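What you are looking at is a predicted structure, and each value in this text was computed from that prediction instead of being measured.
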Amino acid sequence: MASAQKIVTVDVGTSTLKVGEFALSRGGALTLLRFGVSELGLDPNKEENRGPHITQTLSAVLKAQGIKGRDVMLSVSGQSVFIKFIKLPPVAADQVEQVVIFEAQQNVPFPIDEVTWDYQMTPSRGSGAEAEAVIVAMKKDVLEAEMAAVEDAGVRVRKIDVAPFALLNAFRYSEPQTDDCSLIIDMGARSTNLIFAEKSNFWVRNVPIAGNQISQSICNELQEPFSAAETLKKGKGFVSLGGVYADPEDGDAARISKLIRSTMTKLHVDINRSIAHYRSTLGGTAPKRVFLTGGSSQLPYLDLFIADKLSLPVAFFNPLRNVNLGPALNSTQLQKDNCYTGEMVGLALRLAGSCPAEITLEAPTLAARADKKRKQPYFYAGLVAWILLFVCLGLYYWQQINLATQTANQLRSQTSSLQGMAPQIVKLSAQNDALRHTLDLAIKLGQESNAWPAILDALNAKMPPGVWITQLTPAYDPRAEAPPAGARPGGARGFNPPRGGFNPGNNFDAGNRTTAGLEGFDAPSTQINVLVINGLYHANDKTTVVDAARLGDLVSALADLPLFDVDKSKTSATLTSFETPDTRPGYFAQGFSIHLKLKQPIDLTP
């Protein structure tokens, strides 16, 4: 028994709550270990919240029976669910589910998104018959409230079944299979479930006539409160057989028995109507035997009344026929409560293997749990992957640290051996710097030695006909750029131009042109950054006439060369002055002055 699987089942009826604990062996055998039943204490004439009563009653039964299982199988009353058997049009197998969904939307009397529902295909009756299915639906809020009340007692719902289908599974497990049709009358407090079982087919109908209707009729007749009427029903009630049978001496008992017979007669009418519908509409056969079960089926003489009305053999259903009984059970009490064990056995069988009826209602909470459970393997796989990633990273960094430590030790040993060579390395480095400086100076001098030929060639190439240079003076413009820090200025103030100046030729008076264009410049001492060019151009109609605009073209041509820093948009900054025949009439040539900045200054000292 230690290796057997424990199963805890809970059936919440209209007025009673039943709890069972089973052991399922490896071979599939069921053993009932503990069982308890208790009234919920609800008055059907009052609108009461069932939740607290369910929680309190379930907690008390679990404690009294010593049942400690956490996961439970739950069944809900057939009176609170919608059950519909439908026939399906002939469609392909892969389209059956779509047809069933459509039928559910058409038949369920609530918006389909407000209910939780399930369906099961049932065997067709006869060859070539239409496919059949049963649709079972329950409002989500009602189911969720029922489940929450159960779980508030400290358990967790594993699966939710419906009472009449659980009872059908127990019947198939307990009673020998026959080809005849059997009728199970499950009489509860608020309604009676009629279950037709024929071969592998079944049909279920819920009739709103049961124990509470009997109590209500007693309450109305005797003007007693419902609780007192319920006590009278259980204490003095029985089904009057009528006819030649004498009434009891107790007047209350006689009145109550006639009230019960009247109610049972109404139930008999509904049973006959259900049998007729089963035979005519569904193509079933008439029942050959009847089984009674449920809390209200314990009324004395009910079996005789049903047998007389239906003219059929009637027996009390024994769900524990093929169930082993544990040593802790009270056999006397269990015999009295045997009518409550059918749903318990059916719920336990759902975990033992396949069953004839496998309807499961998933409350939103159960659906969320199932979705979470489906995702758990991926979550754990991701967690393991992260752990492995961090382990691999840890190993990698540990190896890198060891490698770095080894390398550091090697470098430390090499450093200590190289430290003795440091003075020699410093000396060689200083010698290398000196040689590099000398080489840079030599390269620079070589470049500057080629600067003047390049400048003169460029000037000669760009000089237009009729224009010639009379004087080219190297100078230093202190406004061009600030001298480097610690260096002395490029020139000394008080420029002393070279002797000679302009050479005007025939009619020129050169006396005032020796310093033309040199104002504001220094005599270069360390650097040349500007060339002051004085020259002449033909401007006499007796010779070749050169327009003064040609001087602007000369400046633009020089601006295109990479040697000179000339702004074409500011020609006057380069062509600083020039003469015209209007300013100096009668002269053979006119003078001009150009300040030509060098892009790369020429150093005069190495």
Would the distance check show the side chain of [X] and the main-chain N or O of [Y] forming a donor-acceptor pair, the cut-off being under 3.5 Å?
{"X": "T116", "Y": "A363", "result": "no"}
{"X": "N169", "Y": "A357", "result": "yes"}
{"X": "E175", "Y": "R172", "result": "no"}
{"X": "S80", "Y": "V76", "result": "no"}
{"X": "T293", "Y": "C339", "result": "yes"}
{"X": "S174", "Y": "F171", "result": "no"}
{"X": "Q213", "Y": "A210", "result": "yes"}
{"X": "N330", "Y": "Q333", "result": "yes"}
{"X": "T16", "Y": "G13", "result": "no"}
{"X": "R158", "Y": "V72", "result": "no"}

>> Pair K18, V10 - check side chain to side chain contact (heavy atoms under 4.5 Å, CB included), show working.
In response: CA-CA 6 Å; K18 289 82 74 176; V10 177; over 6 Å; no
Do [X] and [Y] come within less than 4.5 Å of each other through their side chains, counting heavy atoms only?
{"X": "T31", "Y": "F22", "result": "no"}
{"X": "I160", "Y": "M147", "result": "yes"}
{"X": "L299", "Y": "K233", "result": "yes"}
{"X": "I214", "Y": "N212", "result": "no"}

> Only one of I359, I135, V136 clears side chain to side chain contact (heavy atoms under 4.5 Å, CB included) with W117; which?
Replying inline: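 Testing W117 for a side chain to side chain contact (heavy atoms under 4.5 Å, CB included) against I359, I135, V136 leaves exactly one candidate, I135.
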> In terms of the angle between their ring planes, are H277 and W203 parallel, tilted or perpendicular, with boundaries placed at 30° and 60°?
Replying inline: tilted
>> I'd like to know whether N193 forms a side chain to side chain contact (heavy atoms under 4.5 Å, CB included) with I185, so could you lay out the CA-CA distance, the side-chain angles of the two residues, the decisive distance to 0.1 Å, and finally the verdict.
In response: CA-CA 6 Å; N193 292 314; I185 301 176; over 6 Å; no
> What's the shortest heavy-atom distance between A133 and T122, and which atoms?
Replying inline: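 Shortest heavy-atom contact: N-OG1, 3.8 Å.
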> Can you list the steps and then say if L302 with M264 is a side chain to side chain contact (heavy atoms under 4.5 Å, CB included)?
Replying inline: CA-CA 8 Å; L302 177 62; M264 291 300 96; 3.5 Å; yes
> Are side-chain N/O atoms of T360 and R350 paired as donor and acceptor at under 3.5 Å?
Replying inline: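 The criterion, which ignores hydrogens and geometry beyond distance, is satisfied for R350 and T360.
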>> Apply side chain to side chain contact (heavy atoms under 4.5 Å, CB included) to residues V100 and L88 and explain how you reach the verdict.
In response: CA-CA 8 Å; V100 173; L88 305 179; 3.9 Å; yes
>> As a test of understanding, state which of R273, E198, R205 forms a side-chain hydrogen bond (donor to acceptor under 3.5 Å, both in side chains) with Y278.
In response: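 Considering R273, E198, R205, a side-chain hydrogen bond (donor to acceptor under 3.5 Å, both in side chains) with Y278 is found only for E198.
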> Are R255 and E221 ion-paired here, with the side-chain N under 4.0 Å from a carboxylate O?
Replying inline: yes
